[in-house]
Structure formats: C-alpha cells, structure tokens
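Please read the structure below before turning to the comments.
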Amino acid sequence: QVQLVESGGGLVQVGDSLRLSCAASGRTLSIYHMTWFRQAPGSEREFVAGLTWRGSSTFYADSVKGRFTVSGDNAKNIMWLQMDGLKREDTAVYYCAAARLTGVPDRAGKYDYWGQGTQVTVSS
C-alpha cells in the first residue's frame, strides 16, 4: 500500500502562485507514475500534470502548460506542483495519485492510490 497526503492548498487571487505538496509513504518503491488531478464542482476529475517517479519524464494538460510545473524527489518521497499565473478556472480540489504500472498517464483509472485532496480556490 501507498499513502498519499496533499498539502498547500488555499485561497488566492487571480495571477497569484501556489505550491502544492504530496507526501508519499508505504511501498513507494512500487510507484511508476505520480500525478496531479483536479476536480471542480459538478465536473469530472481531470488530469493536470505528472511525472515518472524514477525517471525524468513530465507531462502536462494543455490547460496548465507554461503555468504549472511538476517536480519530485523520490528520495524524500515528495512531489510538488508549482502553480503560477492562477486563473479562476483552476479552482478545484487537487488530488495526488500514484500508479504502479506504466500506461497512459492522464487516465484516472490507471491510478492505484489517491490522496484526500486539497482545495485550491482562485478568486478575482
């Protein structure tokens, strides 16, 4: 089992920055992909950004490219999401997810473990 705990959410204004963290514990050696998803009220959970946990590949949704940066430290078992230039449409609960197997990284169904989520609210 892998446990994931997100932190760093909050209330910010349009154009502000925020940094989310995801701390992993348990059988972290089994992780292949670590990813951020988000879910706004009334919407489906959507892929945001992710990385190969022991590699150098990162991947982003088009909606956040150039504004968000995903990074990780597999020695410390922490992943971050640096969010710059926040927009109102970035308002959502952000979830950290981990997958044991390779595959298409933007599919929520691929992920075996999920955190409890952290709320990000962007106001104007």
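Atom OG of Ser7 sits about 8.5 Å away from atom CD1 of Ile78, to the nearest 0.5 Å. Here the straight-line distance linking atom CG of Asp90 with atom CE of Met83 works out to 7.5 Å at 0.5 Å rounding. Rounded to the nearest 0.5 angstrom, Gln1 CD and Asp112 CG are separated by 9.0 Å. Rounded to the nearest 0.5 angstrom, Ile31 CD1 and Asn74 CG are separated by 9.5 Å.
Counting heavy atoms from C-beta on, the side chains of Tyr111 and Pro105 come closer than 4.5 Å. In this structure, the side chains of Val70 and Trp80 stay at 4.5 Å or more apart for every pair of heavy atoms. The side-chain heavy atoms of Ser123 and Leu11, taken from C-beta on, include a pair separated by under 4.5 Å. Looking at heavy atoms from C-beta onward, Met79 lies in side-chain contact with Leu51 at the 4.5 angstrom threshold. Contact of the Phe47 side chain with the Phe59 side chain is registered, since non-hydrogen atoms from C-beta on lie closer than 4.5 Å. Contact annotation: the side chain of Ser124 never approaches that of Gln13 to less than 4.5 Å [non-hydrogen atoms, C-beta and beyond]. Side-chain atoms of His33 and Thr52, non-hydrogen and from C-beta on, do get closer than 4.5 Å to each other. A heavy-atom distance below 4.5 Å is found between the side chains of Met34 and Leu4.
With Arg19 contributing its side chain and Gln82 its backbone, the two residues share no donor-acceptor pair below 3.5 Å. When atom types are taken as modelled, the side chain of Glu6 and the backbone of Gln116 share a donor-acceptor pair closer than 3.5 angstrom. Within the 3.5 Å criterion, the main-chain N or O of Arg88 finds a donor-acceptor partner in the side chain of Thr91.
The disulfide bond (SG atoms under 2.5 Å apart) contacts involving residues 6-78 comprise Cys22-Cys96, where partners must be two or more places apart or lie in separate chains.
Donor-acceptor pairing under 3.5 Å is lacking for the side chains of Tyr32 and Arg100. There is a side-chain donor-acceptor pair under 3.5 Å between Gln119 and Thr121.
The minimum heavy-atom distance between Val122 and Leu86, with the atom names listed, is CG2-CB, 4.0 Å. Residue Ala92 comes nearest to Ala40 through the heavy atom pair CB-N, 3.8 Å, listed as atom of the first residue, atom of the second, then distance. The two atoms that bring Arg38 and Ser63 nearest to each other are NH2-OG, 3.6 Å, heavy atoms only. Gly72 approaches Trp53 most closely through the heavy-atom pair CA-CZ3, 4.3 Å.
Aromatic pair Trp114/Phe37: centroids less than 6.0 angstrom apart.
Residue Glu44 places its CD atom among 12 or fewer non-hydrogen atoms of other residues, nucleotides or ligands, all under 6.0 Å distant. Counting non-hydrogen atoms of neighbouring residues, nucleotides and ligands closer than 6.0 angstrom, the CZ atom of Arg54 exceeds 12 such neighbours.
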> So Val120 and Leu18, side chain to side chain contact (heavy atoms under 4.5 Å, CB included) or not? Walk me through it.
Replying inline: CA-CA 9 Å; Val120 172; Leu18 205 57; 4.0 Å; yes
>> Determine whether Phe68 and Leu81 satisfy the following criterion, side chain to side chain contact (heavy atoms under 4.5 Å, CB included), listing intermediate values before the conclusion.
In response: CA-CA 7 Å; Phe68 290 11; Leu81 183 68; 4.2 Å; yes
> Given the rule in the side chain to side chain contact (heavy atoms under 4.5 Å, CB included) test, do Val2 and Ser25 qualify, once you have shown the distances and angles that lead to the verdict?
Replying inline: CA-CA 6 Å; Val2 173; Ser25 61; over 6 Å; no
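By the criterion of side-chain heavy atoms lying less than 4.5 angstrom apart, applied directly or through intervening Ile, Leu, Val, Met, Phe, Trp or Tyr residues, Val12 is not grouped with Val93; the two fall into different hydrophobic clusters.
A cation-pi arrangement is present between Arg45 and Tyr95, with the terminal nitrogen or guanidinium carbon under 6.0 Å from the aromatic centre and inside a 45° cone about the axis.
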